[in-house]
Amino acid sequence: MQLPLNFSNLKEARDFADQHTLRLLRSPAPNRATLRLLCFPGQEPKHAVCKDFFDTPNWYRRSAGRFLIAHEYGAYARLQGIRGIPMVYGRPHPDMMLMQYLDHSEDLWKYRPGQLPELILEQMRGILDAIHAKGVIHLDIGHDSRSSFGRETNFMWQEEEQQVYLIDPAGALYGLPLPASVRCALEAHDNLALVKIHDFFFPNLEWQPPQPLPPWGEKLFTKLKKI
């Protein structure tokens with residue numbers, strides 16, 4: 001199937017999404033995107049995730065919504081081709097984007113020690129190294145500056161492929177000139193996800209931990225978390 005390249009107006013985009021929606025992955029809300037699982041029977045891809053702001057107030061949809069969609073789409077576009085990054089199929093309307101559906105996948109926080117293979121650590125390290133090399137810092141991988149574990153990681157485990165995927169770069173930082181020390185600190189903050197996963201799932205596994213946050217970086221992220 002050739003997914004649509006663009007829609008000429010909001011109604012066309014909304015009708016397309018409604019026509020192909022199999023179920024909602026995240027319900028509509030006034031100030032956040034709706035996530036829909038779209039189905040295209042007998043076609044390839046058979047499924048796609050649609051992220052849209054159709055159900056938000058008009059003023060929000062046309063301002064914050066479009067900015068957020070454009071920003072996330074831009075991050076995904078930079079990262080295409082990296083193993084462990086979902087494919088992005090397009091942004092056929094300013095209020096929506098279409099992405100790969102990761103069937104039979106779960107966020108890592110839903111698993112318990114002993115349920116995941118050790119290879120996820122190296123897969124995660126490879127993904128983080130690759131996105132940083134592309135100039136993208138995720139900034140939302142489910143940990144605080146001390147790498148505590150306990151909420152969504154935005155890392156999904158796909159059992160059939162035996163592959164970790166990194167999703168939701170909506171808050172990612174890219175395209176900005178940063179001092180080298182700041183960029184290194186932000187990348188180190190992303191890499192604390194590795195420490196969290198190691199300590200929670202594989203505490204007895206020998207490994208080389210990533211570079212720790214500098215003291216000033218830890219204080220900064222602690223303060224930002226309280227905002």
Side-chain angles (χ1 to χ4, degrees), residues 25-26 35 49 51 72 75-76 78-88 99-174 182-226:
L25 302 175
R26 186 169 72 190
L35 291 178
V49 174
K51 189 169 190 175
E72 183 171 1
Y76 270 126
R78 281 176 173 245
L79 302 178
Q80 292 301 281
I82 296 176
R83 182 165 176 78
I85 297 294
M87 288 184 289
V88 61
M99 303 167 287
Q100 178 184 0
Y101 174 57
L102 301 176
D103 196 13
H104 303 299
S105 62
E106 293 284 358
D107 194 293
L108 296 189
W109 77 275
K110 293 188 177 181
Y111 292 90
R112 293 293 176 264
Q115 295 181 322
L116 291 171
E118 295 176 358
L119 62 84
I120 67 168
L121 271 176
E122 286 309 308
Q123 288 185 357
M124 289 172 62
R125 191 190 296 267
I127 292 170
L128 291 173
D129 286 348
I131 72 168
H132 293 161
K134 293 281 189 178
V136 177
I137 306 169
H138 194 283
L139 295 179
D140 187 21
I141 316 182
H143 58 73
D144 62 17
S145 61
R146 298 182 183 276
S147 71
S148 65
F149 187 88
R151 67 177 178 87
E152 289 85 348
T153 66
N154 280 328
F155 271 108
M156 307 292 291
W157 175 244
Q158 219 287 341
E159 180 69 31
E160 184 176 349
E161 294 182 35
Q162 291 284 288
Q163 176 65 45
V164 165
Y165 281 85
L166 178 61
I167 65 168
D168 198 18
L173 183 65
Y174 63 91
V182 174
R183 176 167 294 279
C184 287
L186 294 175
E187 291 178 354
H189 186 260
D190 270 1
N191 289 334
L192 283 176
L194 300 173
V195 180
K196 173 182 58 180
I197 297 302
H198 172 271
D199 292 351
F200 186 81
F201 289 103
F202 317 110
N204 298 319
L205 176 67
E206 292 187 8
W207 74 312
Q208 181 63 44
Q211 180 180 351
L213 266 177
W216 66 265
E218 182 172 333
K219 291 179 181 178
L220 174 61
F221 283 111
T222 301
K223 290 181 179 179
L224 290 176
K225 185 183 178 183
K226 296 178 180 178

* Give, for atom CG of N204 and atom CD of E206, the distance between the pair rounded to the nearest 0.5 Å. => 10.0 Å
* Name the one of I85, L79, I82 that satisfies side-chain contact (heavy atoms from CB on, under 4.5 Å) with L166? -> I85
* Partner of F155 by side-chain contact (heavy atoms from CB on, under 4.5 Å), out of D107, L128, I167 -> L128
* Could you list the residues that satisfy side-chain hydrogen bond (donor to acceptor under 3.5 Å, both in side chains) with E159, not counting sequence neighbours? => W157, Q162
* Is there side-chain contact between L194 and P209, with heavy atoms separated by less than 4.5 Å? -> no
* To do: Examine distances only and state if a side-chain atom of N154 and a backbone atom of I141 form a donor-acceptor pair shorter than 3.5 Å.
  => no
* Structure fact -> In short, P210 meets N191 closest at the heavy-atom pair CG-O, 3.4 Å
* Asked: Who passes ring pair (Phe, Tyr, Trp, His ring centres under 6.0 Å) against H132, sequence neighbours left out?
  -> none
* Asked: So, does D140 use its side chain to make a donor-acceptor pair with the main chain of G171 at under 3.5 Å?
  -> no
* To do: Not counting sequence neighbours, which residues clear side-chain hydrogen bond (donor to acceptor under 3.5 Å, both in side chains) with E106? List them please.
  => K110
* To do: For residues L205 and H198, report the shortest heavy-atom separation together with the two atoms involved.
  => O-NE2, 2.7 Å
* Structure fact -> Sorted by chain and residue number, the side-chain hydrogen bond (donor to acceptor under 3.5 Å, both in side chains) partners of E118 (sequence neighbours excluded) come out as none
* Asked: With a 4.0 Å cut-off, would you call D129 and K134 a salt bridge?
  -> no
* Asked: Partners of F202 by ring pair (Phe, Tyr, Trp, His ring centres under 6.0 Å), sequence neighbours excluded?
  -> none
* Asked: Just how far is it from atom CD1 of I127 to atom NE2 of H138, taken to the nearest 0.5 Å?
  -> 10.5 Å
* Under 3.5 Å, side chain of E187 to main-chain N/O of C184, donor-acceptor pair present? -> no
* Show your working on side chain to side chain contact (heavy atoms under 4.5 Å, CB included) between M156 and V164 and close with a plain yes or no. => CA-CA 6 Å; M156 307 292 291; V164 165; over 6 Å; no
* Apply side chain to side chain contact (heavy atoms under 4.5 Å, CB included) to the pair E72 and V88, showing each step before the final yes or no. => CA-CA 10 Å; E72 183 171 1; V88 61; over 6 Å; no
* S105 and Y165, any side-chain heavy atoms less than 4.5 Å apart -> no
* Compare every heavy atom of K51 with every heavy atom of A170, then report the nearest pair and how far apart it is. => CB-NZ, 4.3 Å
* Any sub-3.5 Å donor-acceptor pair from Q100's side-chain atoms to M87's backbone N or O? -> yes
* **Gap between atom OH of Y111 and atom CD1 of I197 - 0.5 Å precision** => 11.5 Å
* Take L108 and F200 through the test side chain to side chain contact (heavy atoms under 4.5 Å, CB included) and record every step on the way to the result. => CA-CA 11 Å; L108 296 189; F200 186 81; over 6 Å; no
* Asked: What residues, two or more places apart in sequence or in another chain, satisfy side-chain hydrogen bond (donor to acceptor under 3.5 Å, both in side chains) together with R83?
  -> Q163
* Asked: How about Q211: does its CD atom have over 12 heavy atoms from other parts shown lying under 6.0 Å from it?
  -> no
* **Residues Q158, E160; criterion side chain to side chain contact (heavy atoms under 4.5 Å, CB included); working and verdict** => CA-CA 6 Å; Q158 219 287 341; E160 184 176 349; 3.4 Å; yes
* Side chain to side chain, T153 and K196, heavy atoms closer than 4.5 Å -> yes
